[in-house]
Amino acid sequence: MIKPLPLVRYCGNRSHRLQFPNVNVVGLLFASVVLLVITASIPVLAQPCTLPSEIFLPQPDRDRYEQFGSAVGVDGGYMVVGVPQNSSSQAIGGIALVYKLDAANHWSKIAELTPSDLGKYTQFGRRVAISGNTIIVSGNDYTDQGGARGKLYFFERAPGGEWISGTENYVIAKPFIDETRAVDFDQFALRGDDLVTRTVDIGFEEIEVYQKTAGIFELKQTIQTPGENGFPDWNLALGDGFFALGSDQYNHTDGSSGAVFIYEKSGGAYVATPAVLRASEQSQSQWRAFGFNLAIHNTTLFVQGLKYDDTGYSQVFYIMERPQDGWVDASYPQILEEPGFAYSSVQIAVNGDYLIAADENFTSLAGFKKVGGGWNSSATRFVINDPENNGFTFGFQLLLTDKHLLIGCPNKLISDSREEEVILDMYLENGDWENANISEANKLTNSSINATDDFFGKHLSVHNGQLAITADGDDERGWSAGVVYIFDVEKQNAAPSQKIFPPEEEDGTGFGQRIAMGDSIMFICAPYKDSIASDGTVALHAIGKVYVYRQNSSGLWTYSSQIVGPIIRQGMYFGRNVVSTPGYCAISEFNGGNSGN
């Protein structure tokens with residue numbers, strides 16, 4: 001049970017405690033600030049406290065970064081996009097959007113999907129899948145003690161019908177183990193009437209196979225993942241008649257690492273004893289990261305690995321066709337190689353003739369086209385560059401059909417962010433991606449207006465009839481750029497008399513994390529502020545600053561100066577807290593050594 005949040009008001013020489021039983025104190029997300037004003041008419045003797053005299057609310061702004069483009073699924077002429085950090089209804093509640101191809105081969109949004117139990121940090125849309133008349137969207141559910149469990153929300157469309165906005169048809173949820181632990185759907189793959197999921201908890205994981213019966217997906221099989229050899233981080237892919245489970249960290253008895261396990265379907269069920277695939281080049285002394293990532297097109301399996309030599313890391317790819325008599329234990333040689341390291345979270349996009357993957361820094365795509373009679377080392381190589389060249393998320397999500405290449409470019413995943421989150425849709429009638437002009441791609445964006453994750457009320461200060469309320473997650477001037485609201489308490493006006501934005505443009509500085517007000521002077525902390533070089537690049541991360549504002553004759557606050565730490569070093573977080581008294585201020589920082597200062 002969530003405990004009520006107490007608010008203390010001092011009346012005379014005694015205090016009375018007010019209880020607000022419906023205030024959710026999970027996290028630090030404050031929807032409003034309640035102010036109890038003490039006026040001169042209050043007698044010196046203690047008096048019972050009254051109801052709040054004013055409630056202050058933040059002003060909605062554009063939510064710039066919601067991870068739009070981090071989860072995408074396509075089937076035929078339909079696409080589903082997860083937006084797990086959308087906060088239009090609940091902080092980080094999430095939403096899923098459904099698009100349909102129009103006659104001009106452009107994607108048009110036709111529906112918005114939401115869970116019936118949307119709550120804070122549901123992260124609805126963290127993963128999505130679409131196949132036929134089924135859309136599946138993952139989300140989270142929590143106990144009051146913070147334990148999370150995974151849930152799959154199923155949306156069904158009537159045969160021949162159209163997708164419409166609404167909530168799910170039904171849910172499959174994993175149980176809570178206790179108040180702090182639960183089983184999660186770590187990955188899932190959908191193809192027709194087959195759904196394969198990887199469920200995990202601390203020290204536990206298994207594969208679950210669901211099949212649609214009478215319009216409902218039901219659990220049909222539970223398969224244990226391969227034995228505890230190493231610390232596998234499994235990748236899952238579902239193909240035509242089989243699914244693959246791969247990990248570059250799976251240890252073999254010969255001391256080598258990396259494997260892909262193939263589970264074939266036989267008689268309506270998947271075999272429990274898989275075929276084991278590995279790289280021909282791997283050995284105890286030669287790690288090839290075989291199983292680093294997977295993709296399947298019909299019966300062709302694509303496996304990503306890594307190679308390291310004196311020149312650095314290279315992506316390598318192994319491509320295998322399903323043998324006529326089925327998969328068996330085998331070793332396969334490397335087929336393709338691309339210089340540069342790639343992260344495991346990046347998707348491999350494949351179709352019958354192409355393989356496309358992101359590069360090391362998510363700034364371009366490396367592509368290969370099959371030539372001749374099949375996949376071999378003679379495949380045509382090409383590169384697709386980020387047309388905006390201003391963000392390191394180009395290709396964080398990739399999907400490839402015969403005529404469409406979809407490139408997800410979300411934010412809130414790394415510190416360097418692009419101007420807006422987009423999904424780039426490249427359409428080519430002939431599908432010759434080596435000749436694609438990515439600058440002609442259509443842009444899909446999503447814009448939400450809210451203030452639920454602005455951290456309004458994180459800190460406040462009152463002086464001479466003015467109330468300052470911080471919102472260091474405000475996005476109006478940039479992602480979590482921050483703002484400080486100034487309210488005139490004596491006028492009892494719920495609208496702010498002034499909004500103070502950072503004097504220097506930068507995302508995520510923590511502007512307003514702490515403040516201190518005095519006579520005509522105010523200190524506003526920005527502990528995550530970077531030191532920026534003359535060329536606009538970051539010279540030192542998180543040195544921290546405190547901005548000084550002074551009140552003019554009109555009562556407005558204007559920027560005056562800034563304070564930095566006596567020793568400027570990266571990660572000092574100068575301005576974690578501030579207090580002031582006439583003529584002095586005290587500012588805390590974090591020493592990156594063995595203690596805090």
Side-chain angles (χ1 to χ4, degrees), residues 66-84 86 94-115 124-139 152-171 187-196 210 212 215-217 237-240 295-298 347 349-352 354 356 396-410 421-429 431 433 441-446:
E66 307 173 289
Q67 290 195 24
F68 176 79
S70 63
V72 184
V74 174
D75 183 54
Y78 292 92
M79 174 172 62
V80 58
V81 177
V83 194
N86 177 279
I95 195 172
L97 310 174
V98 182
Y99 294 82
K100 181 180 181 179
L101 278 176
D102 61 23
N105 272 298
H106 293 162
W107 295 99
S108 299
K109 186 170 70 173
I110 61 171
E112 295 185 357
L113 308 180
T114 55
F124 179 80
R126 192 161 45 105
R127 292 183 178 87
V128 297
I130 179 172
S131 182
N133 295 319
T134 301
I135 289 176
I136 304 176
V137 183
S138 70
L152 297 182
Y153 298 81
F154 290 77
F155 298 81
E156 297 289 344
R157 178 186 62 170
E162 190 57 277
W163 293 106
I164 58 174
S165 299
T167 58
E168 76 282 353
N169 294 86
Y170 61 98
V171 174
Q187 298 178 56
F188 60 89
L190 175 65
R191 187 182 178 93
D193 291 340
D194 281 9
L195 169 66
V196 180
Y210 295 80
K212 183 180 280 190
I216 301 291
F217 278 90
L238 178 59
D240 187 4
I296 299 175
H297 178 72
N298 296 331
Q347 297 291 314
V350 299
N351 64 17
Y354 288 89
I356 299 177
F396 193 87
Q397 183 76 207
L398 293 173
L399 285 101
L400 183 61
T401 67
D402 291 339
K403 298 181 180 182
H404 286 268
L405 171 62
L406 293 157
I407 306 168
C409 308
E421 297 179 312
V422 299
I423 296 175
L424 298 174
D425 170 39
M426 192 68 206
Y427 169 75
L428 287 178
E429 181 63 33
W433 299 112
N442 297 311
K443 284 186 179 182
L444 299 178
T445 62
N446 185 61

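No experiment lies behind these values; they were computed from the predicted model shown.
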Heavy-atom check, side chain of L238 versus side chain of L190, under 4.5 Å
no
Nearest 0.5 Å please: distance from the CE atom of M426 over to the CG atom of L428.
4.5 Å
ring-ring contact (aromatic ring centres under 6.0 Å, His included) partners for Y427, two or more places apart:
H404
In terms of heavy-atom contacts, G125 and P84 come closest through O-CD, 3.7 Å
Could you check whether any side-chain heavy atom of F188 comes within less than 4.5 Å of a side-chain heavy atom of L152, counting everything from C-beta outward?
yes
The test is side-chain contact (heavy atoms from CB on, under 4.5 Å); show your working for F154 and I216 and say whether it passes.
CA-CA 9 Å; F154 290 77; I216 301 291; over 6 Å; no
Quick one: side chain to side chain contact (heavy atoms under 4.5 Å, CB included) partners of T114, sequence neighbours excluded?
I95, T167
Residues in side chain to side chain contact (heavy atoms under 4.5 Å, CB included) contact with A158, at least two apart in sequence or another chain:
none
So, for W163 and G132, which heavy atoms are closest and what is the spacing to 0.1 Å?
CZ2-O, 4.1 Å
With side chains defined as the heavy atoms from C-beta onward, is the minimum distance between N133 and P159 less than 4.5 Å?
yes
Measuring from S138:OG to Q187:CD, what's the distance to the nearest 0.5 Å?
11.0 Å
Would you sort out whether E162 and I110 count as a side-chain contact (heavy atoms from CB on, under 4.5 Å), showing the intermediate values?
CA-CA 9 Å; E162 190 57 277; I110 61 171; 3.5 Å; yes
Sequence neighbours excluded, which residues qualify as ring-ring contact (aromatic ring centres under 6.0 Å, His included) partners of Y210?
none
Who pairs with T134 by side-chain hydrogen bond (donor to acceptor under 3.5 Å, both in side chains), at least two apart in sequence or on another chain?
E156, K212
Is there a side-chain contact between V72 and V80, using heavy atoms and a 4.5 Å cut-off?
no
When rounded to the nearest 0.5 Å, the distance separating OH of Y78 from OG of S131 is 13.5 Å
Verify the distance criterion only: is there a donor paired with an acceptor across the side chains of N446 and E66 at less than 3.5 Å?
yes
May I ask you to decide if V83's main-chain N or O and Q67's side chain share a donor-acceptor pair within less than 3.5 Å?
no
Taken in chain and number order and not counting sequence neighbours, the residues that satisfy ring-ring contact (aromatic ring centres under 6.0 Å, His included) with F124 are Y153
Can you tell if the side chain of I135 reaches within under 4.5 Å of the side chain of L113, non-hydrogen atoms only?
yes
When rounded to the nearest 0.5 Å, the distance separating NE2 of H106 from CG of L444 is 10.0 Å
Kindly give the heavy-atom pair with the smallest separation between S165 and A111, and that separation in Å.
OG-CA, 3.5 Å
Step by step, work out the side-chain contact (heavy atoms from CB on, under 4.5 Å) result for S70 and Q397.
CA-CA 6 Å; S70 63; Q397 183 76 207; 5.7 Å; no
Do L398 and I407 make a side-chain contact, defined as non-hydrogen atoms from C-beta onward lying under 4.5 Å apart?
yes
In the structure I gave you, are the side-chain heavy atoms of M79 and W107 within less than 4.5 Å of one another anywhere?
yes
Taking only residues two or more places apart in sequence, or in another chain, which ones meet D75 in a salt bridge (Lys or Arg N to Asp or Glu O under 4.0 Å)?
none
Could you pull out all residues at least two apart from I164 that satisfy side chain to side chain contact (heavy atoms under 4.5 Å, CB included)?
none
Is there side-chain contact between I130 and I136, with at least one heavy-atom pair below 4.5 Å?
no
So, for K109 and Y99, which heavy atoms are closest and what is the spacing to 0.1 Å?
N-CD2, 3.5 Å
With N298 via side chain to side chain contact (heavy atoms under 4.5 Å, CB included) - residues at least two apart:
R191
Closest heavy-atom pair and its distance - V74, L399:
N-CD2, 3.7 Å
Holding to side-chain hydrogen bond (donor to acceptor under 3.5 Å, both in side chains), I want the full list of residues that pass it with D402, two or more places apart in sequence or in another chain.
none
Hits for side-chain hydrogen bond (donor to acceptor under 3.5 Å, both in side chains) against R127, two or more places apart or cross-chain, chain-then-number order -> none
To the nearest 0.5 Å, what is the distance between CD1 on I423 and SG on C409?
8.5 Å
Assess the residue pair V350 and L400 against the criterion (side-chain contact (heavy atoms from CB on, under 4.5 Å)); give the C-alpha distance rounded to whole Å, side-chain angles, the decisive distance to 0.1 Å, and a yes or no.
CA-CA 6 Å; V350 299; L400 183 61; 5.6 Å; no
N442 CG to L406 CG distance, which is reported to the nearest 0.5 Å
10.0 Å
Closest approach of L97 to E112 (non-hydrogen atoms, all atoms of both residues)
CD2-CG, 3.7 Å
Partners meeting salt bridge (Lys or Arg N to Asp or Glu O under 4.0 Å) with E168 (sequence neighbours left out):
none
Check: F155 main-chain N/O paired with Y170 side-chain donor or acceptor under 3.5 Å:
no
